[in-house]
Amino acid sequence: MHRFANPARFLRLASAILPWSSALSALLIAAGLYFALFHSPADYQQGETVRIMYVHVPSAWLAMACYSTMALSSAVALIWKHPLADLVAKAASPIGAAFTFLCLVSGSLWGRPMWGTWWAWDARLTSMLILFFLYLGHMALINAFDDPSRGAKAAAILALAGFVNIPIIKFSVDWWNTLHQPASVSKFGMPSIDPAMLLPLLLMALGFTCFFVTVLLIRVRTEIIASKLRAIRMTQIHAVPVAVPVAE
Amino acid sequence: MSDFAPNARFSGHGLACLRGERMVFASLDFALDAGGALLLLGPNGSGKSSLLRLLAGLLKPAAGRLAWNDQPVADDREAHSARVHYVGHHDAVKPVLTVWENLRFWAGLHSPAAGDALTAGALERFDLKRLAEVPGKLLSAGQKRRLNLARLLAAPAPVWLLDEPTVALDRASVKRLEADMARHRAEGGMVILSTHAEIDLPGAAELHLNRFTPAAPDMALLAGDGEDWL
Amino acid sequence: MSDFAPNARFSGHGLACLRGERMVFASLDFALDAGGALLLLGPNGSGKSSLLRLLAGLLKPAAGRLAWNDQPVADDREAHSARVHYVGHHDAVKPVLTVWENLRFWAGLHSPAAGDALTAGALERFDLKRLAEVPGKLLSAGQKRRLNLARLLAAPAPVWLLDEPTVALDRASVKRLEADMARHRAEGGMVILSTHAEIDLPGAAELHLNRFTPAAPDMALLAGDGEDWL
Amino acid sequence: MDALANYLHMGGYARFVWPAYGLAALVVGGLLLASLRGLKARERELKALQDSVPGRRGRSRAAADTGQDQ
Amino acid sequence: MSRLFGIIHRDLRLALRQGSDSVMVVTFFVLTVVLFPFGIGPEANILERVSSGVLWVTALLASMLSLDRLFQADYEDGSLELLALTPTPLELLVLGKVAAHWLTTGLPLMVAAPVLAVLLNMNADGFVTLLLTMLLGTPTLSLIGAMGAALVLGARRGGVLLSLLVLPLYIPVLIFGVGAIDAAVQGLPVHAHLLILGGMLLAALALTPWATAAALRQALE
Amino acid sequence: MSRLFGIIHRDLRLALRQGSDSVMVVTFFVLTVVLFPFGIGPEANILERVSSGVLWVTALLASMLSLDRLFQADYEDGSLELLALTPTPLELLVLGKVAAHWLTTGLPLMVAAPVLAVLLNMNADGFVTLLLTMLLGTPTLSLIGAMGAALVLGARRGGVLLSLLVLPLYIPVLIFGVGAIDAAVQGLPVHAHLLILGGMLLAALALTPWATAAALRQALE
Ligand code: HEM
Ligand SMILES: Nc1ncnc2c1ncn2[C@@H]1O[C@H](COP(=O)(O)OP(=O)(O)OP(=O)(O)O)[C@@H](O)[C@H]1O
Ligand SMILES: Nc1ncnc2c1ncn2[C@@H]1O[C@H](COP(=O)(O)OP(=O)(O)OP(=O)(O)O)[C@@H](O)[C@H]1O
Ligand SMILES: [Mg+2]
Ligand SMILES: [Mg+2]
């Protein structure tokens with residue numbers, strides 16, 4: 001009967017994880033920044049602009065990872081009706097939207113010096129823009145219904161349907177010849193990138209991930225309290241003594 | 001129609017219904033055998049319509065399960081849909097289609113067995129034959145309701161779920177509906193019906209919905225106390 | 001409220017109603033004095049709703065005339081509107097406004113005399129007070145209907161035109177409505193009501209609408225040859 | 001000093017690199033702050049509501065207890 | 001009067017709660033204008049050349065689409081019957097509804113227009129005129145559109161045809177609106193255009209409420 | 001299968017009787033396109049330059065606007081509940097409804113497009129490609145739009161939300177549609193564009209009915 005899973009366990013778990021994840025993310029991001037800004041070489045082609053990579057690529061990865069989290073928890077919510085799953089999806093989408101935005105803007109800032117244009121209707125860029133709109137739509141849809149459980153279900157369906165976009169983002173550089181860089185770090189086998197660049201990249205990516213976990217836990221906790229608030233108000237409105245079972 | 005089998009049994013166990021995050025009823029049980037009838041009673045807002053929608057398969061129970069011959073209904077939704085007729089508050093009458101077209105469409109969609117003959121018979125039975133070519137928008141409230149009820153006869157199905165079916169019907173039509181329900185039950189069908197009015201449904205079991213107030217344990221998630229949570 | 005005068009009289013003479021090129025009734029007469037009640041009866045499609053809409057001023061009579069204290073109603077439509085309350089098949093409940101906002105709006109629009117106190121009293125009377133802050137879309141069928149009926153008390157008007165008002169109401173609410181109608185009549189109001197259900201309206205005149213079949217010779221042209229229809 | 005200026009100059013790409021990092025800081029910091037503020041606000045609301053409904057606490061606890069043995 | 005404000009207040013509240021119209025119209029306006037660079041290509045001079053036209057055509061469409069259902073919801077849920085039965089002239093209620101509608105759609109449209117004009121690279125000389133034409137033009141569109149919406153309610157099947165009849169009435173607004181902006185961009189005087197737009201507004205204000213109320217009454221029969 | 005045709009048949013009949021969607025969409029399409037010369041001015045070369053973009057943007061809007069009410073009427077009058085309760089997979093019924101919708105809107109749009117292309121001075125080399133892109137693109141738009149319409153059933157701000165959900169997903173169709181026409185006008189090969197449009201149609205055909213049906217089921221809860 002996980003339909004009514006007790007959130008107490010989740011909250012205990014969250015309280016246990018939170019201090020670690022927040023400390024770890026601060027540490028990793030600090031270290032990543034140090035290496036990114038002071039201890040990595042400029043690229044022989046791209047010069048100093050390559051430093052944008054340490055923001056751009058981790059945020060791109062996180063944007064996609066966050067959407068995948070959302071899609072996964074939406075599937076769990078639809079199939080097993082686990083109430084926490086809905087809350088996770090709801091908590092995740094603003095985070096994902098923020099990082100997608102960061103990826104878009106940093107990519108654009110990188111594109112200007114590299115390609116000579118802020119924007120091009122290239123497959124990867126377009127699909128990333130669509131991801132951003134999907135996040136916005138998800139957030140809007142969740143809040144568009146008077147009954148929050150309906151909003152959650154509609155948004156879950158949207159999240160799942162929109163998941164097709166993720167492989168398109170990932171593989172668009174392989175399927176179409178585009179302006180954008182093909183995978184060099186995330187390739188299977190040996191990454192074709194200078195280890196001095198790889199280190200800060202990985203540090204930043206891990207730091208962002210820990211940050212994501214931290215904020216996600218905070219937001220899920222907020223959502224749990226909010227749903228509890230709603231339940232209390234609802235029982236006040238309907239004047240039904242929620243908890244007094246009627247003797248038959 | 002194997003579903004009209006004399007040993008058919010439609011039952012629910014431990015059903016709970018959440019609407020708008022509010023528990024409307026919980027741990028509700030019922031069982032109905034072929035030929036049986038169940039009368040849902042209760043004041044406004046007690047959850048009669050919600051229960052009927054749940055039995056039809058439009059709402060998923062928050063807890064508990066529905067069974068047909070002890071097979072969970074959830075296993076084969078389409079078979080369940082073929083078994084039930086649901087008549088709700090809305091009449092689903094398209095204003096621009098004629099009475100005949102409206103009925104024929106629903107009958108054909110519900111069962112391929114339904115043909116023109118059955119449709120004509122149903123119209124006849126509900127005294128709509130002379131209106132067959134009239135567009136839906138010209139019907140009075142009671143005529144629309146009768147058209148909606150005519151689906152019951154135009155495409156046979158063993159379980160009738162009727163949400164306040166006598167609303168807007170004149171007395172002659174109510175009498176006819178009562179006779180139809182009796183015949184349906186004699187053939188092994190079942191009727192589950194909510195109403196605030198008098199209706200003649202001999203031998204029907206009664207389910208009083210106001211007795212079920214939201215029970216506690218399941219609400220732990222939504223309404224539990226602070227400390228358990230944080 | 002001068003319209004509540006004890007010698008007020010609402011009457012109609014030779015009324016005829018055409019709907020969709022068909023004569024629904026013709027040469028209908030009625031008269032109602034302060035404190036009186038008129039019960040409209042007749043099978044589905046006999047023209048009860050049409051007559052009520054006509055009395056409200058939504059439909060224009062094809063023939064005949066309506067009068068208030070022997071003044072033709074058509075002379076001053078706005079005065080007539082201020083005199084009547086019409087409760088039809090639709091509930092006019094906005095899903096996004098709360099129960100309070102829904103009622104307050106209609107009351108204020110109908111008469112400037114209606115204030116918060118009357119609105120609150122009407123909600124109380126129809127057992128909706130605890131739902132005052134609930135948005136309309138969460139109401140059950142009977143709750144919506146009660147909200148619609150609460151207009152009657154929130155902005156006083158002498159003539160109540162009620163089209164099957166007990167539909168979807170539970171028994172307790174029907175009792176309350178009956179009491180309200182009795183009090184309204186005691187205060188000099190009038191009630192005209194159509195129904196298929198039992199309702200307690202002591203001393204009400206009855207108007208059987210099936211008695212008026214399309215007869216008038218001059219209408220033969222419009223009503224077709226009649227055989228197709230009735 | 002020159003080294004710093006030179007560094008900040010980013011090989012002529014300062015106006016692309018620094019905004020990228022600045023925005024990243026804004027996004028990360030903003031998310032964290034907004035989420036924490038939301039949590040605090042909800043917690044306050046809950047507390048206010050629970051204080052304003054005396055007896056709720058006891059009742060729901062009793063119910064949870066009876067609930068177990070149903 | 002208090003009833004006029006009553007209905008404006010309620011319609012504003014409805015619009016804000018369900019947000020359908022106002023946000024919808026602005027979103028539609030913004031999204032459509034943003035789609036154009038995708039379709040036409042981002043070349044600045046072409047965009048500039050077509051900017052006033054695109055803005056006005058889109059504003060016209062946004063207004064027309066939002067007006068389409070101005071009375072529909074009230075008609076379907078029975079509110080329109082009750083409105084017609086209140087002791088207030090229906091013409092006044094129509095004016096109230098149109099005013100509420102303009103406040104929630106025309107006004108946001110006006111606010112959004114200069115921003116989008118920047119996006120489309122419009123010459124800055126045209127901005128003030130753009131705002132003025134919108135101020136005079138959008139209420140006219142609302143009034144005419146309300147009449148169309150009422151006609152559509154009454155005649156179900158003929159509805160489309162009747163709305164077809166209403167649309168041509170929009171074209172003069174479009175022509176003088178765009179004309180004024182183009183004149184302003186080229187440094188020519190714009191008084192004449194604005195006067196004509198104002199005249200159209202006054203005429204619409206005087207005539208359409210009657211026609212609209214009559215059409216609504218007929219729809220309720 | 002006979003049920004699929006049953007629902008197509010009924011929806012076609014409904015559309016033809018009340019004429020709302022099909023005529024409305026084509027009217028909207030034609031009027032909008034016709035408004036452009038008024039807005040932009042009749043200079044042939046500028047019109048030619050923007051013709052493919054204007055046509056596709058307008059087609060997109062027309063399709064989106066007509067889809068807005070695809071399930072709405074059935075939802076409000078209770079037909080949708082009954083459809084969900086027939087022993088036919090809801091996915092199939094969704095396909096039927098979308099097919100009927102495309103027949104009454106997408107098809108007329110396609111027929112009208114070349115005529116309007118002439119009006120906008122489009123180079124004749126682009127006509128065949130225009131038709132082909134419309135043939136592949138408009139069903140995709142209908143399928144995606146149906147999903148959006150089902151998701152927003154019963155939502156506040158349904159209309160805006162729909163455009164927010166659907167327009168971004170329309171952008172690829174727009175880009176490749178316009179791209180193909182521009183390529184054709186310039187004498188370049190168009191296979192690649194058309195293949196991608198075809199791929200999008202197949203993907204939409206395979207995926208959206210499930211999502212739409214799921215969304216409808218939850219709207220009925
Ligand atoms: C607005 C424009 C841009 C967007 C939306 C964008 C989007 C993305 C995305 C989604 C990824 C992650 C892909 C994956 O993990 O497979 C990525 C990775 C990357 N991007 Fe961008 N990008 C943009 C501009 C640029 C520019 C201008 C450059 C450099 C010239 C660039 C270089 C890279 C590199 C090197 C990677 C890492 C690839 C790998 O190793 O997997 N991006 N970008
Ligand atoms: N769509 C909905 N979303 C949320 N809550 C709802 C919804 N529909 C109904 N409710 C609530 O669920 C409860 C049960 O409603 P339901 O319609 O089942 O009652 P009912 O017994 O049929 O009442 P009536 O006799 O008035 O028809 C009511 O309190 C109502 O407020
Ligand atoms: N909008 C309309 N246009 C044309 N004809 C109509 C319209 N509405 C109803 N009718 C016809 O007018 C006749 C009277 O309808 P009316 O609704 O008045 O009946 P009623 O007595 O209220 O019936 P019920 O008991 O079913 O509510 C019916 O035969 C109906 O077909
Ligand atoms: Mg009910
Ligand atoms: Mg009636």
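Naming convention: chains lettered A, B, ... in sequence-line order (proteins, then strands); numbering from 1 in each chain. Because the structure is predicted, anything quoted here is derived from the model rather than measured.
- The two residues F:L165 and A:G137 come nearest to each other via the heavy atoms CD2-CA, 3.5 Å.
- For F:A219, the parts sitting under 4.5 Å from any heavy atom of chain A are the backbone and the side chain alike.
- Atom CD1 of A:I157 and atom CZ of F:R217 lie 9.5 Å apart (nearest 0.5 Å).
- Residues A:L136 and F:P168 form no side-chain contact, since every pair of their non-hydrogen atoms from C-beta on lies 4.5 Å or further apart.
- Within the model, atoms NE2 of A:H138 and CG of F:L164 stand 12.5 Å from one another, a figure rounded to the nearest 0.5 Å.
- Looking at every heavy atom in both residues, F:L161 comes nearest to A:A140 through CD2-CB, 3.5 Å.
- Across every non-hydrogen atom of F:Q218 and A:A154, the tightest pair is NE2-CB, 3.4 Å.
- Contacts between F:L207 and chain A at a heavy-atom distance below 4.5 Å involve the side chain alone, from C-beta outward.
- Enclosure of atom CZ in A:F101 is not indicated, since only 12 or fewer non-hydrogen atoms of other residues, nucleotides or ligands lie within 6.0 angstrom.
- Only the side chain of A:A161 comes within contact range of chain F, with heavy atoms under 4.5 Å apart.
- Looking only at heavy-atom pairs under 4.5 Å with chain F, the residue among A:T126, A:L141, A:L160 that has the most is A:L141.
- Ranked by heavy-atom pairs under 4.5 Å with chain F, the first of A:L158, A:L129, A:L134 is A:L158.
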